[in-house]
Undergrad: 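I have a structure here, written as structure tokens, and I will follow up with some questions on it.
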Amino acid sequence: MERSIHICHLYPDLLNLYGDRGNVLCLRRRLEWRGIGASVTEMPVGAADRLAEADLIFIGGGQDFEQQALLEDLHRGKDASLRAAVADGVAILAICGGYQMLGQYYETHDGVRCDFVGAIDLRTVGGKERMIGNYLFRCGDESGGMEVVGFENHSGRTWLGEGVKPLGRVLSGYGNNGQDGTEGVRYHNVFGTYSHGPLLPKNPALCDEILKTALERKYGKAELAPLDDSAEQNAFREIAARLRNA
Ligand code: GLN
């Protein structure tokens, strides 16, 4: 059977910090290199809601300004579609501002409250100091258990609700709030993280975990043929060692 995955890239016009879109390219290529079909729909502000067609949704990061700018469009129905997608087990990768957006709300450092999607029980409150830097975390077993190197830059401190699992545990850096050691969220098939930029090109095992999740939801058990990731693995070892010794 021909397999294919349809990716929906939500708000590429606003949530696009640090080249977050490179993650979409990585998802796509790693499917194609294995002979699996891949297509991408970009859904900027004002575009028709096609979230229901997606096997995989990608949401990048944005600053407070962009997060406020998209609220009107979000609450015209895409919020309900996102809640439905999360409940339905659609694979979702959401980064920083996009991750915060799936939660209940974000209250900025200067007291502006953005009511968000409410698909996951988590909330975010802005702090005076930004949490910036390269960081290292280990994913929970349900998300593959691999170590991940990333780059974070956020003022928001995210707190997970009772029983909501993080994506992983911080080994070096801040993660969700700089206090409880958690990083991101794993809820149903949502992978939420503070890690910006080329998260997936730097961490191909995490990319494959997300692809596997999307494929298994659509087709049942999926084994992904191995790819040559030796260059990425060498880079990972080098950076991870530096962060561990920082
Ligand atoms: N505005 C949010 C914060 O600073 C998200 C920033 C981002 O996506 N980098 O917490």
Side-chain angles (χ1 to χ4, degrees), residues 9-24 26 42-45 57-75 78-79 82 92-137 148-161 164 166-168 170 172-187 190-203 206 210:
H9 186 176
L10 184 61
Y11 298 140
D13 49 339
L14 289 181
L15 301 181
N16 56 12
L17 280 177
Y18 304 113
D20 282 344
R21 70 166 56 240
N23 293 307
V24 176
C26 185
E42 297 213 333
M43 204 187 295
V45 166
I57 298 170
F58 175 75
I59 317 172
Q63 304 181 64
D64 297 7
F65 174 79
E66 284 88 15
Q67 288 178 295
Q68 289 164 41
L70 59 77
L71 280 180
E72 206 185 308
D73 186 74
L74 182 68
H75 291 308
K78 289 180 183 131
D79 50 354
L82 284 168
I92 301 180
L93 172 60
I95 295 185
C96 198
Y99 158 44
Q100 296 171 351
M101 197 181 88
L102 293 176
Q104 313 287 3
Y105 63 81
Y106 172 41
E107 197 176 306
T108 67
H109 166 56
D110 36 20
V112 179
R113 182 173 157 130
C114 302
D115 282 314
F116 278 151
V117 170
I120 309 175
D121 182 16
L122 60 88
R123 56 218 76 220
T124 304
V125 179
K128 217 190 238 155
E129 280 171 26
R130 300 191 69 80
M131 296 184 273
I132 307 175
N134 293 309
Y135 71 132
L136 177 70
F137 60 94
V148 170
V149 286
F151 170 74
E152 57 183 331
N153 180 357
H154 50 112
S155 129
R157 275 86 173 140
T158 296
W159 302 96
L160 303 176
V164 177
L167 177 62
V170 173
S172 161
Y174 300 96
N176 277 336
N177 49 56
Q179 287 179 42
D180 66 7
T182 63
E183 154 59 18
V185 75
R186 174 63 197 266
Y187 181 74
V190 178
F191 298 73
T193 176
Y194 268 110
S195 181
H196 268 295
L199 166 69
L200 299 183
K202 284 194 293 198
N203 300 281
L206 179 60
I210 296 168

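The residues of the chain are indexed from 1 along the displayed sequence. Just the heavy atoms: all of them, side chains too, but no hydrogens, waters or symmetry mates, feed the values below. When a ligand or atom number is given, it counts from 1 through the structure's own listing order.
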Undergrad: Determine yes or no for a side-chain-to-main-chain donor-acceptor pair under 3.5 angstrom, with D121 supplying the side chain and V164 the backbone.
TA: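 No, D121 side chain to V164 backbone: no donor-acceptor pair under 3.5 Å.
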Undergrad: Could you grab the distance from atom CD1 of I92 to atom CD1 of I57, nearest 0.5 Å is fine?
TA: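 Result: 4.0 Å between the selected atoms.
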Undergrad: Less than 3.5 Å apart, any donor N or O on the side chain of T193 or E183 sitting next to an acceptor on the other?
TA: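 Note: T193 and E183 side chains meet the donor-acceptor criterion.
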Undergrad: Does ligand 1 have any N/O pairs with the protein under 3.5 Å, and how far apart?
TA:
residue: ligand 1; atom: 1 (N); partner: D64; partner atom: N; Å: 3.3
residue: ligand 1; atom: 1 (N); partner: D64; partner atom: OD1; Å: 2.4
residue: ligand 1; atom: 1 (N); partner: Q67; partner atom: OE1; Å: 3.0
residue: ligand 1; atom: 4 (O); partner: R130; partner atom: NH2; Å: 3.2
residue: ligand 1; atom: 4 (O); partner: S155; partner atom: N; Å: 2.9
residue: ligand 1; atom: 8 (O); partner: G62; partner atom: N; Å: 3.2
residue: ligand 1; atom: 8 (O); partner: G62; partner atom: O; Å: 2.9
residue: ligand 1; atom: 8 (O); partner: G97; partner atom: N; Å: 3.0
residue: ligand 1; atom: 8 (O); partner: H196; partner atom: NE2; Å: 3.4
residue: ligand 1; atom: 9 (N); partner: N153; partner atom: O; Å: 3.0
residue: ligand 1; atom: 9 (N); partner: H196; partner atom: NE2; Å: 2.8
residue: ligand 1; atom: 10 (O); partner: Q100; partner atom: NE2; Å: 3.0
residue: ligand 1; atom: 10 (O); partner: S155; partner atom: N; Å: 3.2
residue: ligand 1; atom: 10 (O); partner: G156; partner atom: N; Å: 2.7

Undergrad: Taking the six-membered ring of Y106 as reference, does the NZ or CZ atom of R123 fall below 6.0 Å from its centre and within a 45° cone about the axis?
TA: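 The answer is no, since R123 fails at least one limit relative to Y106.
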Undergrad: What orientation do H196 and F151 show, parallel under 30°, tilted 30 to 60°, or perpendicular over 60°?
TA: tilted
Undergrad: Do the side chain of D20 and the main chain of N16 share a donor and acceptor less than 3.5 angstrom apart?
TA: no
